[in-house]
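Shown next, in structure tokens, is the structure this report addresses.
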Amino acid sequence: GMSAKKKRLYMKEMCNVIDLSDVVLFVLDARDPNSCRASLVENMVLQHARKKRLVFILNKIDLVPKEVVEDWLTVLRREFPTVAFPCF
């Protein structure tokens, strides 16, 4: 695992990135989007003093059936704007 010092540095850098961003793009694998999510990062974006936008990118949609993609888009769009994107 990551040492406590490395974790603190990582979190500090994550805060800096969020602070400098207007929009945070979060890439999720269409084969299992929930396993790609990081609630800590999502909460950091949402709780930021200056309102930030979080957008999901549902990636690799060409690797799952169209109906599955449509279902995931419906679920994810209830929380955040979500865009579907194929892999190349």
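Because only heavy atoms are used, hydrogens play no part in the values below, and waters and symmetry mates are left out as well, while side chains stay in.
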Spacing of CZ belonging to Arg53 relative to CG belonging to Leu46, to within rounding of 0.5 Å: 10.5 Å
Just distance, no hydrogens or angles: give the donor-acceptor pairs under 3.5 Å from side chains in residues 57-69, sequence neighbours left out.
residue	atom	partner	partner atom	Å
Asp62	OD1	Cys87	N	3.0

Sequence neighbours excluded - side chain to side chain donor-acceptor pair (under 3.5 Å) pairs with any residue from residues 6-23: Asp19-His48
Indicate yes or no: at least one non-hydrogen side-chain atom of Met44 is less than 4.5 angstrom from one of Met11. yes
Are any non-hydrogen side-chain atoms of Lys52 and Ile18 less than 4.5 angstrom apart?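 Yes, their side chains come closer than 4.5 Å.
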Side-chain donor-acceptor pairs of residues 24-41 under 3.5 Å, sequence neighbours excluded:
residue	atom	partner	partner atom	Å
Asp29	OD1	Arg31	N	2.9
Asp29	OD1	Arg31	NE	2.9
Asp29	OD2	Arg31	NE	3.3
Asp29	OD2	Arg31	NH2	2.6
Asp32	OD2	Ser35	OG	3.3
Ser35	OG	Asp32	O	2.8
Arg37	NE	Glu42	OE2	2.8
Arg37	NH1	Glu79	OE2	2.9
Arg37	NH2	Glu42	OE1	2.8
Arg37	NH2	Glu42	OE2	3.4
Arg37	NH2	Glu79	OE1	2.9

Taking a hydrophobic cluster as the set of Ile, Leu, Val, Met, Phe, Trp and Tyr residues connected by side-chain heavy atoms closer than 4.5 Å, whether directly or through intermediates, do Phe80 and Val23 fall within one such cluster?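 Phe80 and Val23: separate clusters.
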Treat each ILVMFWY residue as a node, draw an edge where side-chain heavy atoms are under 4.5 Å apart, and state whether Val55 and Met14 are in one component. no
Yes or no on side-chain contact (heavy atoms from CB on, under 4.5 Å) for Glu70 and Thr74, after CA distance, side-chain angles and deciding distance? CA-CA 6 Å; Glu70 290 171 356; Thr74 299; 5.5 Å; no
